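So you know, we letter chains A, B, ... as the sequences are listed, proteins then strands, and number each from 1. This one's a predicted model, so the numbers in the text were calculated from it and none came from an experiment.
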Amino acid sequence: MTINEIKTLLDAQMLCGDDPDCEIQSACGSDMMSDVLAYVKHQAVLLTGLVNPQVIRTAEMMDMRCIVFVRSKQPSPAMVELACESGIAVLATSKRMYEACGILYANGLKGNGELDG
Amino acid sequence: MADALTFHYEVDGGNFTSAGQASVQVKKNLRQLGFDPETIRRVSIAMYEGEINMVIHAGGGVADVTVEDGCIRIVLTDHGPGIADIDKAMEEGFSTARDNIRSLGFGAGMGLPNMKRYTDEMQIDSAVGVGTTITMKVNY
Ligand SMILES: Nc1ncnc2c1ncn2[C@@H]1O[C@H](COP(=O)(O)OP(=O)(O)OP(=O)(O)O)[C@@H](O)[C@H]1O
Ligand SMILES: [Mg+2]
């Protein structure tokens, strides 16, 4: 699935991202960055309802390619800039976490359990 | 051998917004030096966890990262409250973080065990009322 397809499926706004055709294999959803740092392996998309700069830095440390803010959360311009500098695409959707994750999963985006390693 | 390459950072303890900046910078530097992605990832995650800990538990500190022959050494030093029971602190799920920290997305008690998992060596020296020094090594 590409970042552009995620945008369409979630009816999301793209706040930054210069590689919308980037291929994504798997995703994770969490409001706890502690858990993302401890449990996530190679998921390239983070869905979250938490909004602070640590979300961007956590995604960057984990080599993620895209962050989706759910529940109409809007990151600040400074946060979007931080993501841009790191080559991370930022999407915002009005859908709730459960719904957003469900839509992506139903369309073939896997979690970590179903991938090797 | 030539002098080891060292990066030094002051980590501001009063500013959660900027927490993690040193780790982001280290990641950029290691990329520029041409390290493989897995090594960079291990160093980045371990250092970021430690940097966040210094900000939320210890009021800030300093970080020194040295690129040595065969390994990258990360030393995090603070003059915070120290860790009374290091074995306990190393347990998954043990945290003294308050709810305000949890609402920022941290405080699950996963950081120290995660640092251990991503590094080849980790040593914690801590004294209550004096501070904490954490030394980590990632071999490459
Ligand atoms: N630099 C430090 N100074 C003082 N206490 C510390 C320091 N680092 C860790 N601790 C203590 O060790 C506990 C466990 O740390 P750890 O990083 O594993 O979890 P956490 O920071 O509470 O939550 P998480 O890392 O999952 O966000 C902390 O709650 C704190 O009591
Ligand atoms: Mg921690």
Check whether [X] and [Y] end up in the same hydrophobic cluster, where Ile, Leu, Val, Met, Phe, Trp and Tyr are linked by side-chain heavy atoms less than 4.5 Å apart.
X	Y	result
A:I24	A:M14	yes
B:L5	B:L76	yes
B:V65	B:I134	yes
B:F106	A:L46	yes
A:L50	A:L82	yes

Check your understanding: What part of B:L104 gets closer than 4.5 Å to chain A, counting heavy atoms only: side chain, backbone, both or neither?
Key ->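 For B:L104, heavy atoms of backbone and side chain both lie under 4.5 Å from chain A.
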Review point. Which residue pairs pass the ring pair (Phe, Tyr, Trp, His ring centres under 6.0 Å) test when at least one of the two sits in residues 71-101 of chain A, sequence neighbours left out?
Key: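 Pairs touching residues 71-101 of chain A that pass the test: none.
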Check your understanding: Counting heavy-atom pairs under 4.5 Å to chain B, which of A:M62, A:M61, A:M33 comes out on top?
Key ->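 Looking at each option in turn, the highest pair count goes to A:M61.
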Across chain B and chain A, going purely by atom type as modelled, what donor-acceptor pairs are there at a distance under 3.5 Å?
unit_1	atom_1	unit_2	atom_2	d
A:M33	N	B:G105	O	2.7
A:S34	N	B:G105	O	3.1
A:S34	OG	B:G107	N	3.3
A:L37	O	B:N114	ND2	2.8
A:A38	O	B:R117	NH2	2.5
A:K41	O	B:R41	NH1	3.3
A:K41	O	B:R41	NH2	2.3
A:N52	ND2	B:L104	O	3.1
A:Q54	O	B:Y48	OH	3.2
A:Q54	OE1	B:Y48	OH	2.8
A:Q54	NE2	B:F16	O	2.6
A:Q54	NE2	B:A19	O	2.8
A:R57	NH1	B:T17	O	2.7
A:R57	NH1	B:A19	O	2.8
A:R57	NH2	B:T17	O	3.4
A:T58	OG1	B:Y48	OH	3.2
A:E60	O	B:K27	NZ	2.8
A:M61	O	B:K27	NZ	3.1
A:M62	O	B:R41	NH1	2.9
A:D63	OD1	B:K27	NZ	2.6

